[in-house]
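What you are looking at is a predicted structure, and each value in this text was computed from that prediction instead of being measured. Note: hydrogens, waters and symmetry copies are ignored here, and every other heavy atom, side chains too, is used. Atoms within each ligand, like the ligands themselves, are counted from 1 in listed order.
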Amino acid sequence: MKRPPLNVTRKILAAHLVEGDPAKDAELGIRIDQTLTQDATGTMAYLQFESMDVPHVRNELAVSYVDHNTVQIGFENADDHDFLASVAKKFGIVYSKCGNGICHQLHLERFGKPGKTLLGSDSHTPTGGGIGMIAIGAGGIDIAVAMAGGAFHIPTPKVRGIKLTGRLPKGCSAKDVILKVLEKYGTKGNVGWIFEYFGPGVKTLDVPSRATITNMGAELGVTTSVFPSDTVTKQFLVAQGRGQDWVELVADKGAAYDDIFEIDLSKLEPLMAAPHSPGNIVTVKKMKGTKVNQIMIGSCTNSSYRDIRTVALYLKGKHVAEDVEVGIACGSRQVVNMLAADGSLAILVKAGCRILENACGFCIGAHMSPRTGAISLRTNNRNFEGRSGTKSAQVYLVSPETAAASALTGKVEDPRKAPVAAVPAPKKFPIDDEMFLYRKTAGKGLKKTEIVRGPNIAPVPKGVPMPEAYKAVCAIKVGDKITTDHIMPAGARLKFRSNIPAYAKFVFEPCDPKFHDNCLANREKGLANVIVAGESYGQGSSREHAALCPMYLGVKAVIAKSIERIHRANLINFGIVPFTFADAKDYDALEAGMALELPDIRAAVTGDGTAMVKAGGRTITVKTALSDREKHLLLCGGLLASLA
Ligand code: MIC
Ligand code: SF4
């Protein structure tokens with residue numbers, strides 16, 4: 001029988017399907033070809049992998065990157081790096097040394113392959129969609145399972161086709177495209193979708209531009225975003241010395257999408273995301289002339305050669321305004337080498353930019369926090385309140401073009417006023433893989449290698465089986481769009497990632513610094529802790545610590561108006577039931593500190609997911625839609641406990 005025409009998403013998923021039927025089932029299991037971890041989530045992922053007792057990784061390629069915790073104040077970061085290096089050597093994982101670059105940029109340059117699946121313990125793993133991969137962000141334990149050869153589960157997707165026509169005007173770039181998509185779809189309500197780009201405008205975008213769009217697709221809350229693999233992709237791979245990795249992958253003629261949104265690239269104008277959400281879109285025109293204190297360029301979103309070279313062209317022969325601080329973090333050594341070779345680096349230094357390490361750095365508030373009340377323009381992908389390290393700062397997300405034009409005057413400027421020439425896609429990238437260790441033993445593993453464990457590396461806590469009922473307390477009540485940065489702050493707290501009891505002290509630090517102590521007191525009394533939240537709870541990162549640390553503090557359920565995909569999966573992986581209100585108005589009936597009862601929780605999880613919660617003399621209904629696999633995990637007390 002002739003199969004129906006398929007889009008790119010459905011082709012890749014069909015080739016990797018190991019469980020479920022897209023026509024019938026709500027959840028699909030897919031085979032994972034490649035995995036990536038970064039250091040801040042990687043230590044936990046590998047501790048969990050170790051506890052699975054598998055001699056070496058079983059997927060095609062596993063890469064462990066070090067890019068988040070690179071500041072090394074105190075011993076913790078360096079100890080983590082040594083731990084990760086020894087784990088990589090022992091289990092057959094490629095290890096990318098600190099200083100090599102940011103995981104997503106590096107993976108695109110050196111390892112990504114069209115048509116393959118990639119699972120990464122970082123929410124911006126969909127960067128790989130720019131090269132035609134189904135690349136998904138997930139919690140560390142899901143990556144550990146994939147490295148052990150297990151399937152990864154996604155909600156059966158709906159596929160939205162984003163049809164691109166026309167060509168971007170001068171001064172506009174890929175960042176403006178994804179900000180347009182965010183303007184249309186926002187940061188919530190997109191759970192379960194995959195966004196696939198198609199149409200004649202696709203060929204006008206080079207691979208780094210496509211990757212900017214799929215990277216920041218994470219802010220939509222979708223499962224992933226993907227571009228076709230065409231001659232532009234081929235040219236990129238050939239220039240990376242990897243022509244053999246190319247396969248053509250385009251949607252069949254007549255392939256259907258569940259929905260289509262069309263963008264005429266020629267009609268776009270420079271956009272920015274205003275504080276404090278990537279979905280809060282305004283035009284640069286509207287903000288023009290606003291005084292700016294800081295401009296940060298780079299991160300995994302806009303740190304390719306194309307992006308930083310463009311900035312250099314804007315700044316050539318000029319100097320940044322005297323009262324603005326400008327910092328640049330390139331995505332990789334390859335990018336730095338190219339900028340050094342063509343004179344861009346000298347231009348940037350001469351223009352008064354601070355050249356930073358090729359690492360996440362400013363994006364995650366690990367350094368370069370702006371001054372009190374500052375306006376900071378940044379080319380990264382998230383502007384959640386306080387993420388920069390300065391709670392009062394107003395962070396706007398912009399394209400490299402807008403950032404560069406504004407750097408010259410210290411005010412928001414329209415980059416179309418004096419646009420620079422487009423940077424052509426390089427014919428040949430300089431290749432230097434020397435900072436990728438253990439490439440030769442990748443996939444094999446070296447049994448005798450000792451794992452190095454510094455004192456900050458603590459064992460992973462395991463959940464316990466779910467009882468019949470809980471007597472509980474509403475430990476906190478929060479509002480809408482609570483991000484994982486609110487739940488489990490990063491920045492200065494990042495160094496505790498490998499030590500759950502130490503890191504758990506900071507759960508909900510920006511919302512309620514007493515949360516930790518209150519939860520432990522409730523736990524002591526044999527009471528379960530419950531989190532009550534509004535819409536889109538758990539937006540943002542893939543960090544499983546936002547579930548693992550609450551689990552450690554005795555949180556057993558979240559009751560929210562809605563919960564985002566990666567966080568929902570992480571909650572289940574750590575035995576916390578992700579409930580939503582049957583009637584959202586009941587949110588108003590719950591208060592922090594209120595005594596709660598969940599009399600039949602086990603029966604509810606085993607059954608249709610509907611549970612009653614007794615609260616202050618009334619009973620409210622909450623629900624959760626669970627697959628059989630998810631029910632099993634919750635009843636066992638989480639994924640790790642289920643493997644025991
Ligand atoms: C982020 O951008 O928020 C992070 C830091 O990269 C996280 C991962 C983490 O918390 O370690 C992400 O995006 O998943
Ligand atoms: Fe790193 Fe920022 Fe990208 Fe997260 S979003 S991976 S912190 S550069």
Taking only heavy atoms of [X], which atoms of ligand 1 are found under 4.0 Å from at least one of them?
{"X": "Thr41", "result": "9 (C), 11 (O)"}
{"X": "Ser542", "result": "12 (C), 14 (O)"}
{"X": "Ala40", "result": "11 (O)"}

Distance filter under 4.0 Å to Arg387 heavy atoms, resulting ligand 2 atoms: 2 (Fe), 5 (S), 7 (S)

As an exercise, identify every atom of ligand 2 less than 4.0 angstrom from a heavy atom of Asn381. 5 (S)

Please check if any side-chain donor atom of Tyr396 sits under 3.5 Å from a side-chain acceptor atom of Arg378, or the reverse. no

Please determine whether any non-hydrogen atom of Gln38 lies less than 4.0 Å from an atom of ligand 1. yes

So, does His545 sit close enough to ligand 1 that a heavy atom of it is under 4.0 Å from the ligand? no

Tell me which part of Glu219 gets within contact of ligand 2: side chain, backbone, both or neither, using heavy atoms under 4.0 Å. neither

Where the closest heavy atom to [atom] is concerned, which of [options] has it?
{"atom": "atom 11 (O) of ligand 1", "options": "Arg497, His68, Glu544, Arg543", "answer": "Arg497"}
{"atom": "atom 6 (O) of ligand 1", "options": "Thr301, Asp122, Asn69", "answer": "Asp122"}
{"atom": "atom 13 (O) of ligand 1", "options": "Gly365, Ser123, Gly540", "answer": "Ser123"}

Checking Arg210 against Ile131 for the side chain to side chain contact (heavy atoms under 4.5 Å, CB included) test, could you report, in this order, the C-alpha distance in whole Å, the side-chain angles of both residues, the deciding distance, and whether it holds? CA-CA 8 Å; Arg210 296 175 184 188; Ile131 208 168; over 6 Å; no

For the atom pair CG (Asn380) and OG (Ser299), what is the distance rounded to the nearest 0.5 Å? 4.5 Å

For ligand 1, note which part of Arg387 has a heavy atom under 4.0 Å away: side chain, backbone, both or neither. side chain

Mind checking whether Ile364 contacts ligand 1 via backbone (N, CA, C, O), side chain (CB onward), both or neither, at a 4.0 Å heavy-atom cut-off? side chain

Mind checking side-chain hydrogen bond (donor to acceptor under 3.5 Å, both in side chains) for Glu535 and listing every partner two or more places apart, or none if nothing turns up? Ser562

Quick one: sort the Phe506 and Phe496 rings into parallel, tilted or perpendicular, breaks at 30° and 60°. parallel

Can you label the angle between the His107 ring and the Phe111 ring as parallel, tilted or perpendicular, going by 30° and 60°? tilted

I would like to know whether Val226 and Tyr197 meet side chain to side chain contact (heavy atoms under 4.5 Å, CB included); could you show each step before the answer? CA-CA 6 Å; Val226 64; Tyr197 292 80; over 6 Å; no

Could you identify the single nearest non-hydrogen protein atom to atom 12 (C) of ligand 1 and state the distance to 0.1 Å? Ser541 CB, 3.1 Å

Can you list the protein N, O or S atoms less than 2.8 Å from atom 1 (Fe) of ligand 2? Cys360 SG

Side chain to side chain contact (heavy atoms under 4.5 Å, CB included) for Leu377 and Met272? Distances and angles first, verdict last. CA-CA 9 Å; Leu377 301 191; Met272 53 210 291; 3.9 Å; yes

Could you go step by step and tell me if Ile178 and Lys175 meet the side chain to side chain contact (heavy atoms under 4.5 Å, CB included) rule? CA-CA 5 Å; Ile178 186 62; Lys175 187 60 148 271; 4.3 Å; yes

Taking the six-membered ring of Phe83, is the NZ or CZ of Arg453 close enough (under 6.0 Å from the centre) and on axis enough (within 45°)? no

Would you call Arg306 and Glu401 a salt bridge, using N to O less than 4.0 angstrom? yes

May I ask you to decide if Thr117's main-chain N or O and Asp33's side chain share a donor-acceptor pair within less than 3.5 Å? yes

For Thr9, does its backbone N or O pair with a side-chain atom of Glu196 as donor and acceptor, under 3.5 Å? yes

Has Arg378 got any heavy atom lying under 4.0 angstrom from an atom of ligand 2? no

